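Shown next, in structure tokens, is the structure this report addresses.
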Amino acid sequence: MAQMNFGGVVENVVTREEYPLAKALETLKNETIAVIGYGVQGPGQSLNLRDNGFNVIVGQRKNSKSWDKAVEDGWVPGENLFDIEEACKKATIIEYLLSDAGQIAVWPTVKKHLTPGKALYFSHGFGITYKERTGIVPPADVDVILVAPKGSGTSLRRMFLQGRGLNSSYAIFQDATGRAWERVIALGIGVGSGYLFETTFKREVYSDLTGERGTLMGAIQGIFAAQYEVLRKNGHTPSEAFNETVEELSQSLMPLISENGMDWMYANCSTTAQRGALDWWKKFRDATMPVFNELYNEVACGNEAQRSIDTNSQPDYRQKLEEELREMRETEMWQAGAVVRKLRPENN
């Protein structure tokens, strides 16, 4: 484990050079990893583990779309694809990658197969951090660990196939065997992490819920919508409004930020753009700071977790979700976006 300086703050990180794949395979050579759930993170993590040479099986509810998707991806029923209970029986490491609501529902089944010495692995701190609300309380004689890729399972898999890695956080909630650190780092390398940085279950879920509702998804959609509507209200066409709001950011500017940072992106734009951005960014910071403070407090007190549990546990959750997504998809802004994407050179 190395210590890295991030803007004056020293953090513990583990790189693939320090902990290569061969070492990870050696660490887990006698382990059977069961990936429970084949939804958001399950496909990417299980396929990357399989391609990296680990002994991995998948546990999923039979006669479901996710079961069929696993079969399409090459998992073989009775060989490395099982129902959830059978996979938990066979595993020494249980990767619990169901949705937060799904974890609550299936927990009694998983818990009874957490025999001494096994490891329970999460990619989100939700179930453990809010255990009073979720009821997920692991036995004291198993390791409880976390690897949280900083992106979707789709991105994790895509980057793996490109020979790249997606950065992940890691945490140890409970070290019953004395091997929790080795296990979590080996799994982090196995699923395709670029590098691993240390956190806690609580910090992971607080930052994750804040980020999803903030700059990663909620805030960015809100800012997109506000700017698009202002441009349209002032006579700009849908194409012009979308290009200036979304397309230029996602296709041109974000790659520059990814390469060398925000200041470097500024330096590679016109002096007029630089001046305006420097004059206005603090106004946006000050305007949104109260919202972010409110958001973080709602996460920390558990209100956001409870809202998620209550909503996502409803029998008609998926229908209501699709209706909300359809409403967003059919807004003029994203309808314009669909046309713009078709006009990109790579699509012609």
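Since the model is a prediction, treat every value here as computed from it, not as a measurement. Numbering of residues begins at 1 and proceeds along the displayed sequence.
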| request: Search all heavy atoms of A87 against all heavy atoms of G59 and return the closest pair with its distance. | output: CB-CA, 3.6 Å

| message | I'd like to know if R329 and E322 make a salt bridge, using a cut-off of under 4.0 Å between side-chain N and carboxylate O. | response | yes

| request: Verify side-chain contact (heavy atoms from CB on, under 4.5 Å) between L209 and S308, making sure each step is shown before the conclusion. | output: CA-CA 10 Å; L209 293 183; S308 178; over 6 Å; no

| All pairs passing side chain to side chain donor-acceptor pair (under 3.5 Å) where residues 253-264 contributes a residue, at least two apart | none

| message | Just so I know, are the side chains of L81 and V71 near enough to count as touching, which here means a heavy-atom distance under 4.5 Å? | response | yes

| query | Hey, is K62 close enough to D68 for a salt bridge, meaning N to O under 4.0 Å? | reply | no

| query | Is any side-chain heavy atom of I220 closer than 4.5 Å to a side-chain heavy atom of T215? | reply | no

| query | So is R285 actually on top of W280's ring, under 6.0 Å and inside 45° of the axis? | reply | no

| message | Tell me the closest heavy-atom pair linking P139 and Q174, and the distance in Å. | response | O-NE2, 2.7 Å

| request: Identify the heavy atoms of G151 and Q41 that sit nearest to each other, and give their distance. | output: O-NE2, 3.0 Å

| request: Salt-bridge test for E31 and R183: reply yes if a basic N is under 4.0 Å from a carboxylate O, no otherwise. | output: yes

| field | Heavy-atom pair with the smallest gap, counting every atom of S123 and L97 | value | OG-CD2, 3.5 Å

| task | Would you please test Y38 and S64 for side-chain hydrogen bond (donor to acceptor under 3.5 Å, both in side chains) and show each step? | result | CA-CA 10 Å; Y38 208 77; S64 66; over 6 Å; no

| task | Begin from the C-alpha positions of I93 and T32 and carry the test side-chain contact (heavy atoms from CB on, under 4.5 Å) through to its verdict. | result | CA-CA 6 Å; I93 297 172; T32 298; over 6 Å; no

| said: If you compare all heavy atoms of W67 against all heavy atoms of D83, which two are closest, and at what distance to 0.1 Å? | reply: CZ3-N, 4.0 Å

| said: If you apply the rule side-chain hydrogen bond (donor to acceptor under 3.5 Å, both in side chains), what do you find for S169 with T199, and how did you get there? | reply: CA-CA 6 Å; S169 59; T199 189; 5.4 Å; no

| request: List the steps, then state whether salt bridge (charged side-chain N to carboxylate O under 4.0 Å, His left out) holds for E247 with R341. | output: CA-CA 9 Å; E247 189 75 353; R341 287 192 294 276; over 6 Å; no

| request: Scan residues 95-111 for pairs that pass salt bridge (charged side-chain N to carboxylate O under 4.0 Å, His left out), counting only residues two or more places apart or in two chains. | output: none

| query | Would R275 and D279 satisfy salt bridge (charged side-chain N to carboxylate O under 4.0 Å, His left out), going step by step from the backbone distance to the final call? | reply | CA-CA 6 Å; R275 183 67 267 146; D279 288 345; 2.8 Å; yes

| query | Taking C-beta and beyond as the side chain, do K342 and V339 meet within less than 4.5 Å on heavy atoms? | reply | no

| Pairs flagged by ring pair (Phe, Tyr, Trp, His ring centres under 6.0 Å) wherever residues 292-346 is involved - sequence neighbours left out | Y206-Y296, F242-W334

| said: Please enumerate all residues that pass salt bridge (charged side-chain N to carboxylate O under 4.0 Å, His left out) together with D73, with sequence neighbours excluded. | reply: K69

| field | R307 bridged to E298 by N-O distance under 4.0 Å | value | yes

| field | Worked check of side-chain contact (heavy atoms from CB on, under 4.5 Å) between W75 and R50 | value | CA-CA 10 Å; W75 301 98; R50 185 180 71 182; 3.6 Å; yes

| task | Go through the steps to decide whether R157 and N48 satisfy the test side-chain hydrogen bond (donor to acceptor under 3.5 Å, both in side chains), and finish with yes or no. | result | CA-CA 7 Å; R157 180 61 175 167; N48 290 358; 2.9 Å; yes

| field | Shortest non-hydrogen contact between I33 and L187, atoms and distance | value | CD1-CD2, 3.7 Å

| message | What I'd like to find out is whether the side chain of N293 reaches to under 4.5 Å of the side chain of P290, using heavy atoms alone. | response | no

| request: Please say whether more than 12 non-hydrogen atoms of neighbouring residues, nucleotides or ligands are located less than 6.0 Å from CD in E294. | output: no

Distance-only donor-acceptor pairs under 3.5 Å for side chains of residues 225-232, two or more places apart:
residue, atom, partner, partner atom, Å
Q227, NE2, E244, O, 3.4
Q227, NE2, T245, OG1, 3.3
Y228, OH, E332, OE1, 2.6
R232, NE, E332, OE1, 2.5
R232, NH1, H236, O, 2.8
R232, NH2, E332, OE1, 3.4
R232, NH2, E332, OE2, 3.2

| message | Check this for me, if you would: do E324 and K320 make a salt bridge, where the nitrogen-to-carboxylate-oxygen distance has to be below 4.0 angstrom? | response | no

| Gap separating the CZ atom of R179 from the CD1 atom of I172, nearest 0.5 angstrom | 12.0 Å

| Could you walk me through whether I185 and Y170 pass the side-chain contact (heavy atoms from CB on, under 4.5 Å) check? | CA-CA 8 Å; I185 298 303; Y170 76 92; 4.0 Å; yes

| query | Any salt bridge between E323 and R326, counting N to O under 4.0 Å? | reply | yes

| query | Who else is in the cluster with V106 when I, L, V, M, F, W and Y are joined by side-chain contacts under 4.5 Å? | reply | I36, I84, I94, Y96, L98, W107, V110, L114, L120, F122, I128, I136, V142, V144, L146, F173, F201

| N63, CG atom: more than 12 neighbouring heavy atoms under 6.0 Å | no

| request: Would you please test S155 and S152 for side-chain hydrogen bond (donor to acceptor under 3.5 Å, both in side chains) and show each step? | output: CA-CA 5 Å; S155 298; S152 70; 3.1 Å; yes

